[in-house]
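Written out below as structure tokens is the structure these notes cover.
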Amino acid sequence: MKIEKITSNKKQFLDLLLLADEQENMIDKYLEHGDLFTLCDGSTTLTNHDLKSVCVVVPIDSETCELKNIATYEKYQGKGYGKALMQFVCDFYKNDYKTMLVGTGEIPWILSFYEGCGFEKSHRVKKFFTDNYEQPMFEGEIQLVDMIYLKKDLYLCTN
């Protein structure tokens with residue numbers, strides 16, 4: 001696996017970013033000032049065939065950063081790519097920030113993924129999805145309403 005920080009032409013990964021955040025103008029709010037990382041598995045050059053996962057991390061303040069988006073192509077989910085990328089970014093930021101936040105919908109399997117990566121529930125923003133997205137958002141049969149925030153103390157990250 002190869003993980004790379006992308007510094008230009010970040011919109012080329014929009015198709016994958018839209019898997020985790022379905023509204024492009026919401027992605028536009030954080031993509032340019034965030035750090036975009038790609039995870040490829042295959043050859044040493046970045047091709048769509050080798051690309052498995054992406055994520056975007058933004059600074060919140062001097063002690064906190066936020067994972068704004070992490071997505072893995074559906075056919076590669078459950079193979080450890082998302083978890084490997086999550087571990088990488090936690091290690092990458094542990095010397096610069098104390099805490100990483102992530103906000104998501106109240107979806108059991110997504111919350112379980114983050115908890116398995118060492119995050120714990122922090123707080124809730126009521127009606128975030130219904131107030132900020134143009135269309136109702138669903139994950140399967142579940143409508144996203146509140147944003148559930150989780151946090152991780154980055155000093156717990158190990159290589």
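This chain uses plain numbering: 1 for the first residue, then up along the sequence. Since the structure is predicted, the reported quantities are computational estimates derived from the model, not experimental observations. Values reported hereafter were calculated over all heavy atoms of this structure, with side chains retained and with hydrogens, waters and symmetry mates removed.
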Stepwise side-chain hydrogen bond (donor to acceptor under 3.5 Å, both in side chains) check, D21 with Y30: CA-CA 11 Å; D21 194 342; Y30 58 79; 3.0 Å; yes
Between L67 and L101, does the side-chain contact (heavy atoms from CB on, under 4.5 Å) criterion hold? Intermediate values first, please. CA-CA 6 Å; L67 179 73; L101 295 174; over 6 Å; no
Just so I know, are the side chains of V57 and K68 near enough to count as touching, which here means a heavy-atom distance under 4.5 Å? no
Note, L111 side chain near L150 side chain (heavy atom, < 4.5 Å): yes
Which heavy atom in Y97 sits nearest to a heavy atom in S62, and how many Å separate them? CD2-O, 3.9 Å
Between the main-chain N or O of D41 and the side-chain N or O of K52, is there a donor-acceptor pair closer than 3.5 Å? yes
Assess the residue pair E22 and M137 against the criterion (side-chain contact (heavy atoms from CB on, under 4.5 Å)); give the C-alpha distance rounded to whole Å, side-chain angles, the decisive distance to 0.1 Å, and a yes or no. CA-CA 8 Å; E22 298 175 14; M137 292 186 50; 4.0 Å; yes
Looking at every heavy atom in both V54 and T38, which two are closest together, and how far apart are they? CG1-CG2, 3.9 Å
Any side-chain donor-acceptor pair under 3.5 Å between Y133 and N25? no
Measuring only between side-chain heavy atoms, which start at C-beta, is M100 closer than 4.5 Å to F119? yes
Indicate, with yes or no, if M86 and Y76 share a hydrophobic cluster defined by side-chain heavy-atom contacts under 4.5 Å among Ile, Leu, Val, Met, Phe, Trp and Tyr. yes
Same apolar cluster: V145 and I110, side chain cutoff 4.5 Å: no
Would you check if R124 and E106 make a side-chain contact, meaning some heavy-atom pair closer than 4.5 Å? yes
Under 3.5 Å, is there a donor-acceptor pair between the side chain of N69 and the main chain of C55? no
Is there a donor-acceptor pair closer than 3.5 Å between any side-chain N or O of K10 and the backbone N or O of G34? yes
Hydrophobic clusters here meaning ILVMFWY residues chained together by side-chain heavy-atom distances under 4.5 Å, can you tell me if F138 and L19 are in one? no
Close side-chain approach of W109 and I107, heavy atoms under 4.5 Å: yes
Donor-acceptor pair, side chain of T64 and main chain of D61, under 3.5 angstrom: no
Between E66 (side chain) and V58 (backbone), is there a donor-acceptor pair under 3.5 Å? no
Look at the rings of Y149 and H123 and say which category their plane angle falls in: under 30° parallel, 30 to 60° tilted, over 60° perpendicular. parallel
Side chain to side chain, L14 and I27, heavy atoms closer than 4.5 Å: yes
Pairwise side-chain contact, K83 with C117, heavy-atom cut-off 4.5 Å (strictly under): yes
Under a 3.5 Å distance rule, please check whether Q87 uses its side chain to pair with a backbone N or O of A84 as donor and acceptor. no
Any heavy-atom pair between the side chains of V125 and D146 that's under 4.5 Å? no
Any chance you could measure T72, atom OG1, to Y81, atom OH, to the nearest 0.5 Å? 9.5 Å
Check whether K98 reaches the backbone of Y155 with its side chain - one donor and one acceptor, N or O, closer than 3.5 Å. no
Among residues at least two apart in sequence or on other chains, which ones pass side-chain contact (heavy atoms from CB on, under 4.5 Å) with K5? D35, F37, F92
CG/L154 to CG/D96 distance, rounded to the nearest 0.5 angstrom? 9.5 Å
Set out, in order, the CA-CA distance, both residues' side-chain angles and the distance that settles side-chain contact (heavy atoms from CB on, under 4.5 Å) for F13 and L51, then state yes or no. CA-CA 10 Å; F13 302 100; L51 180 64; 3.7 Å; yes
Correct closest heavy-atom pair for G105 and L144 would be CA-CD2, 3.8 Å
Would D15 and Y73 count as having a side-chain donor-acceptor pair, cut-off 3.5 Å? yes
Working note: E115 + E120, criterion side-chain contact (heavy atoms from CB on, under 4.5 Å); need CA distance, chi angles, decisive distance, verdict. CA-CA 6 Å; E115 289 168 345; E120 57 186 37; over 6 Å; no
The test is salt bridge (Lys or Arg N to Asp or Glu O under 4.0 Å); show your working for K11 and E24 and say whether it passes. CA-CA 10 Å; K11 280 276 205 149; E24 185 174 349; 2.6 Å; yes
I'd like to know if the side chain of K152 reaches the main chain of G118, judged simply by a donor and an acceptor atom lying under 3.5 Å from each other, with no hydrogens or angles considered. no
